[in-house]
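Data first, discussion second: the structure below is written as structure tokens.
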Amino acid sequence: MEGRDIQMSKVVVFDHPLIQHKLSIMRDKHTGSKQFRELLSEIAMLMVFEVTRDLETEEVAVETPICTAKCRRLSGKKLGIIPILRAGLGMVDGVTNLVPSAKVGHIGLYRDPQTLEPVEYYCKLPADSENRELLVLDPMLATGGSASAAIDFIKKRGCTHIRLVNLIAAPEGIARIQKDHPDVDIYVAALDDHLNEHGYIVPGLGDAGDRLFGTK
Ligand code: PRP
Ligand code: URA
């Protein structure tokens, strides 16, 4: 009997010592907004360095001062990054420092504190998003409702090459994305234990948006 391929998102956890060290400082409740922001940006850069490992390249000839060298340059789809507002904004600089040509779209979503359901308030994507390799950025994947809704919006605009990059994920969020978007691979720096009764990740780092922008 022939087996059927069932597609399932790949989940990659980055256990690199530098990432884990920086994340431990971000988790600390005594870490202030300035350091929190810097670390989030640094970790986003380190993560995306790995996430982009499989980008296509082509051979080009480059004239060095000595001779012609066979080199490799990026050749495949261009990159687009889509931070989920607000907290995803904290990951943008780290990624654009690494890939300056990446275009940036924004999706504004907040999680209703009562229902924990995502509420959309803004969406502006690059005009050629459907031709780009897209990275959706958000530090926190809790219930997965926000990321799933963001990916829905992006797919409705014809985009097909989408990956999700989170700092910390709860198992519930991973399961939600795998169910709703089995074609979207998930990259995280840590897979935490569970959600508490308020939908916060345990142990987590608290409210990423508030810690990033100092709003609480
Ligand atoms: C946080 C976080 C995610 C969402 C995760 O944003 O940045 O977007 O919650 O939760 P979920 O997986 O259960 O949807 P929040 O709604 O607090 O908005 P903010 O970034 O504006 O603070
Ligand atoms: N949003 C956050 O910012 N933190 C959590 O732990 C869950 C959702």
Side-chain angles (χ1 to χ4, degrees), residues 9 11 13 22-41 43-44 47-48 81-95 104-125 134-155 162-182 184-216:
S9 327
V11 180
V13 182
K22 290 171 191 291
L23 179 57
S24 78
I25 301 171
M26 291 186 72
R27 286 186 191 270
D28 189 331
K29 65 179 180 185
H30 300 295
T31 298
S33 286
K34 178 176 184 289
Q35 199 180 10
F36 190 91
R37 263 198 300 275
E38 290 166 354
L39 289 166
L40 179 56
S41 182
I43 296 178
M47 289 180 74
V48 168
I81 56 175
I82 319 279
I84 300 179
L85 307 181
R86 289 177 299 168
L89 287 176
M91 301 172 79
V92 171
D93 282 358
V95 182
V104 185
H106 295 88
I107 293 186
L109 289 172
Y110 70 88
R111 199 171 68 150
D112 183 287
Q114 257 74 52
T115 64
L116 301 184
E117 287 300 316
V119 181
E120 185 201 359
Y121 60 89
Y122 188 75
C123 185
K124 178 83 179 174
L125 302 184
L134 297 179
L135 303 181
V136 176
L137 307 176
D138 194 328
M140 309 307 277
L141 182 67
T143 65
S146 304
S148 181
I151 295 167
D152 277 338
F153 295 142
I154 296 168
K155 285 184 172 174
I162 304 167
R163 304 179 207 204
L164 179 61
V165 185
N166 305 115
L167 198 63
I168 302 181
E172 294 87 336
I174 298 277
R176 173 78 185 265
I177 298 301
Q178 288 184 321
K179 175 172 152 290
D180 294 354
H181 302 288
V184 174
D185 290 336
I186 308 166
Y187 299 83
V188 301
L191 182 50
D192 274 11
D193 199 55
H194 65 280
L195 296 178
N196 70 14
E197 65 276 23
H198 306 293
Y200 278 89
I201 299 176
V202 181
L205 50 68
D207 190 307
D210 284 339
R211 295 197 61 190
L212 193 60
F213 297 108
T215 38
K216 233 177 214 163

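Because the structure is a prediction, the values reported are computed rather than measured. Along the sequence shown, the residues carry numbers beginning at 1. Every heavy atom of this structure was used, including side-chain atoms; hydrogens, water molecules and symmetry mates were not. First listed ligand is number 1; within each ligand, the first listed atom is number 1.
Taking every heavy atom of D138 and a limit of under 4.0 angstrom, the matching atoms of ligand 1 come to 2 (C), 3 (C), 7 (O), 8 (O). The contact set between ligand 1 and M140, taken as ligand atoms under 4.0 Å from a residue heavy atom, comprises 2 (C), 3 (C), 5 (C). Less than 4.0 angstrom separates some heavy atom of Y110 from each of these atoms of ligand 1: 16 (O). The ligand atoms of ligand 1 that sit less than 4.0 angstrom from a heavy atom of A87 are 7 (O), 20 (O). Each of the following atoms of ligand 2 lies closer than 4.0 Å to a heavy atom of A208: 2 (C), 3 (O).
The side-chain heavy atoms of L125 and F153, taken from C-beta on, include no pair separated by under 4.5 Å. Proximity of S9 to H181: side-chain heavy atoms (C-beta onward) are nowhere separated by under 4.5 Å. When side chains are defined from C-beta on, I201 counts as touching L195, because their heavy atoms get closer than 4.5 Å.
Among all non-hydrogen protein atoms, the one lying nearest atom 6 (O) of ligand 2 is I201 N, 2.8 Å. Summary of contacts: the protein heavy atom closest to atom 16 (O) of ligand 1 is R111 N, 2.8 Å. Atom 8 (C) of ligand 2 has R111 NH2, 3.5 Å as its closest protein atom, hydrogens excluded (heavy atom only). Atom 4 (C) of ligand 1 has as its closest protein heavy atom S146 OG, 3.6 Å. At the shortest separation from atom 5 (C) of ligand 2 among protein heavy atoms lies Y200 CD2, 3.3 Å. Protein heavy atom in closest approach to atom 17 (O) of ligand 1: D207 OD2, 4.1 Å. Atom 19 (P) of ligand 1 has R86 NE, 3.6 Å as its closest protein atom, hydrogens excluded (heavy atom only).
In this structure, of M140, R86, R211, the residue bringing a heavy atom nearest to atom 1 (N) of ligand 2 is M140.
Inclusion of A142 in the set of residues having an N or O under 3.5 Å from an N or O of ligand 2 is not warranted. Inclusion of Y121 in the set of residues having an N or O under 3.5 Å from an N or O of ligand 1 is not warranted. In terms of N/O distances under 3.5 Å, ligand 1 is approached by G144.
Atom 13 (O) of ligand 1 lies below 4.0 Å from at least one non-hydrogen atom of the protein. Note that atom 1 (C) of ligand 1 has no protein non-hydrogen atoms nearby, at separations under 4.0 angstrom.
Between I177 and A147 the shortest heavy-atom distance is CD1-CB, 3.9 Å. Taking every heavy atom of both residues into account, D180 and R176 meet most closely at OD2-NE, 2.7 Å. Looking at every heavy atom in both residues, L191 comes nearest to P171 through CD1-N, 4.1 Å. When all heavy atoms of L141 and G173 are compared, the pair lying nearest together is CD2-C, 3.7 Å.
Of the inter-residue distances, the one linking H106 atom NE2 with Y122 atom OH reads 7.5 Å to the nearest 0.5 angstrom.
Proximity of G199 to ligand 2 is established by a heavy-atom distance of less than 4.0 Å. Taking 4.0 Å as the cut-off, G206 counts as a neighbour of ligand 2 on heavy-atom distance.
No donor-acceptor pair under 3.5 Å is formed between the side chain of S146 and the backbone N or O of P118. Using modelled atom types, one side-chain atom of D192 and one backbone atom of G204 make a donor-acceptor pair closer than 3.5 Å. At distances below 3.5 Å, not a single donor-acceptor pair connects side-chain atoms of R111 with backbone N or O atoms of G145.
Between the side chains of R86 and T215, a donor-acceptor pair is found at a separation under 3.5 Å.
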